[in-house]
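Worksheet: one structure, shown below.
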Amino acid sequence: MLNSSAYIDYYESSVQVKGDLSSAEELVQILSLYFRPVHVEDATVEAWKEETLAARSEEKSLQADFQNAIRHSVGDRAIPPLFNLRSLKGKEALEGISKTNAPKSYQIYNQLFSSPQDWTFLITGNMAIQEIIPLVQTYLSNIPQKETTQTDCSSIHHSPDFSLQGPKKQTVYSATPMENVMYQASYYRGRSNTKNRWKESLSLEVFSELTEIMLKRLRHEKGFSIYNYGTYGHYNLDEQRHQFSFLITCQPDELTPIQKEIGLIINELKKGKIIREYFLRAKEKISVKYASDNLRKHRTMQQLLFEHLRYEQDWKNLNLYQNFINTLTLEDMIGMANTYFKDNNKVEVIMKGEERL
């Protein structure tokens, strides 16, 4: 079984084809087809727009609309990747589809996909290199080369309007009725292009897991009606900055007391009032995630290769990740709390139902 996907974003374009090892030749052949000139009749495009809009209009898009609002609140132009793919969703996607201009789309696609010499191809799988090279030579090396003019994307590589001078708070309203409210409080830690940022990223993942364990008390011990809750700590490779977020969906009348409870959790972390068992559970979970055997899995290895080539991240011995995680201490978590939880790092976004006049 073969599955293929593609996207075009501000920062990059990508094609992914996945399949069984027995379908390796068909996989490379399909990949090569993306680099052939494309033209579709306008009537076909209009039919696609009508069909796609009808299908997507039935999808629940509250979460996507919320995430889009958060992106705009901090000026992020890149669509965050999900399983190594970028796809615009929600109300913005519907608006974009309805405005699709067929001739312009052909022009963009044919410009980007007409020069395979500008692309980097990553092939991962349980295969010998001598088995895949003949397929690459047959299907990829024979694609006609065209001269292309590279566009300078330096002006959109970062979000120039974003400032860490918080705290900032924004309320957005859904176009559809909502019984609950969605809340995200994020803390941003400057831009950093250091190639050794991986240690802070791993520390942040353990810290995020620890904080989520503490956050669960709101539902299981204090009885709040919270849904889709959690914490998320990561390094945004596109914007070159670290981010930590609390994410909560709850009843409207419980939002204020929940915000106060989150404030209490933050104070506990900053003062070192951390249950050691919580820390050990968090550290163990992230340590297992970064065990060398897990990092060697195809999806993870492909992501590491992509980050190495696309963002010039250092390639490290796979044992270093878990070894570093195992050195982390409670004092490191206290340091993370005092580093990230500052008002001038904070951006809050709340999504509610339609605004009532």
Side-chain angles (χ1 to χ4, degrees), residues 78 80-84 122 124 158 164 185-216 230-247 265-342 345-346:
L82 180 63
F83 299 116
N84 299 335
L122 300 178
T124 58
H158 298 303
L164 291 177
S186 297
Y187 295 82
Y188 295 86
R189 177 165 155 75
R191 288 200 177 102
S192 172
N193 57 8
T194 174
K195 293 184 178 181
N196 293 318
R197 59 87 195 165
W198 64 280
K199 290 185 178 181
E200 181 169 351
S201 298
L202 292 174
S203 301
L204 189 57
E205 284 199 53
V206 175
F207 180 71
S208 176
E209 184 63 30
L210 167 64
T211 308
E212 183 162 318
I213 292 172
M214 299 174 69
L215 186 67
K216 289 178 180 178
T231 60
Y232 184 43
H234 76 293
Y235 181 73
N236 186 325
L237 285 159
D238 293 317
E239 300 299 332
Q240 297 181 0
R241 62 179 177 234
H242 285 90
Q243 172 185 345
F244 177 89
S245 300
F246 291 96
L247 179 64
I265 291 174
I266 289 173
N267 286 332
E268 288 178 14
L269 288 164
K270 293 172 76 172
K271 293 178 180 179
K273 297 180 179 180
I274 303 170
I275 297 175
R276 184 171 181 80
E277 180 189 349
Y278 290 174
F279 168 64
L280 294 176
R281 280 166 51 191
K283 190 162 106 170
E284 175 64 19
K285 182 174 180 179
I286 304 303
S287 178
V288 169
K289 174 183 174 182
Y290 283 94
S292 58
D293 287 345
N294 288 330
L295 293 178
R296 288 188 177 91
K297 293 179 179 179
H298 296 320
R299 184 188 292 273
T300 308
M301 182 61 70
Q302 186 183 60
Q303 181 62 27
L304 289 173
L305 284 169
F306 173 76
E307 292 180 7
H308 172 61
L309 296 169
R310 169 67 175 82
Y311 297 101
E312 299 181 342
Q313 300 298 301
D314 284 345
W315 186 263
K316 292 170 286 294
N317 184 308
L318 297 183
N319 293 318
L320 287 178
Y321 295 91
Q322 191 176 56
N323 290 344
F324 173 75
I325 291 169
N326 292 336
T327 68
L328 293 174
T329 65
L330 278 171
E331 287 69 27
D332 293 319
M333 300 297 100
I334 298 169
M336 294 293 287
N338 284 283
T339 296
Y340 278 83
F341 295 142
K342 298 177 179 179
N345 295 344
K346 186 177 181 181

Quick one: does Lys316's side chain have a donor or acceptor within less than 3.5 Å of a partner on Asp314's backbone? yes
In terms of heavy-atom contacts, Ser208 and Gly233 come closest through OG-N, 3.4 Å
Looking only at heavy atoms, the pair that brings Asn326 and Ser287 closest together is OD1-OG, 3.2 Å
Tightest non-hydrogen contact, residues Leu122 and Leu309, listed as CD2-CD1, 3.4 Å
Looking only at heavy atoms, the pair that brings Ala282 and Ile213 closest together is N-CD1, 4.1 Å
* Near Lys270 NZ, under 6.0 Å, is it more than 12 heavy atoms from other residues, nucleotides or ligands? -> yes
message: The test is side-chain contact (heavy atoms from CB on, under 4.5 Å); show your working for Leu202 and Trp198 and say whether it passes.
response: CA-CA 6 Å; Leu202 292 174; Trp198 64 280; 3.6 Å; yes
With sequence neighbours left out, the residues meeting ring-ring contact (aromatic ring centres under 6.0 Å, His included) with Tyr290 are Tyr321
Check against side-chain contact (heavy atoms from CB on, under 4.5 Å), Tyr188 and Tyr340 | CA-CA 7 Å; Tyr188 295 86; Tyr340 278 83; over 6 Å; no
**Study point:** Lys/Arg N to Asp/Glu carboxylate O, Lys289 vs Glu205, below 4.0 Å
**Key:** yes
Quiz item: Are Lys283 and Glu277 ion-paired here, with the side-chain N under 4.0 Å from a carboxylate O?
Solution: no
Between Asp238 and Tyr311, do the side chains contain a donor N or O and an acceptor N or O under 3.5 Å apart? yes
For His298 and Thr124, the nearest pair of non-hydrogen atoms, with its separation, is O-OG1, 4.1 Å
Q) Where does the angle between the aromatic ring planes of Tyr235 and His242 fall among parallel (under 30°), tilted (30 to 60°) and perpendicular (over 60°)? A) tilted
For this session: Begin from the C-alpha positions of Arg189 and Gln243 and carry the test side-chain contact (heavy atoms from CB on, under 4.5 Å) through to its verdict.
Result: CA-CA 6 Å; Arg189 177 165 155 75; Gln243 172 185 345; over 6 Å; no
Look at the side chain of Ser201 and the backbone N and O of Arg197, then say whether any donor-acceptor pair between them is shorter than 3.5 Å.
yes
Output for pair (Phe306 CZ, Met301 CE), nearest 0.5 Å, gives 16.0 Å
query = With distance as the sole criterion, is a donor-acceptor pair present between the side chains of Asn294 and Thr300 under 3.5 Å?
reply = no
### Flag side-chain contact, heavy atom, 4.5 Å: Ser292 against Asn319
yes
message = Determine whether the aromatic ring centres of residues Phe341 and Phe207 are separated by less than 6.0 angstrom.
response = yes
How are the rings of Tyr232 and His234 set relative to one another: parallel (under 30°), tilted (30 to 60°) or perpendicular (over 60°)?
parallel
Here the pair of heavy atoms bringing Leu210 nearest to Ile274 is CD1-CG2, 3.8 Å
Whether the Thr211 and Thr231 side chains hold a donor-acceptor pair (N or O, under 3.5 Å, no angle test) is what I'd like checked. no
Discussion item. Between Glu284 and Val288, does the side-chain contact (heavy atoms from CB on, under 4.5 Å) criterion hold? Intermediate values first, please.
Written reply: CA-CA 6 Å; Glu284 175 64 19; Val288 169; 3.4 Å; yes
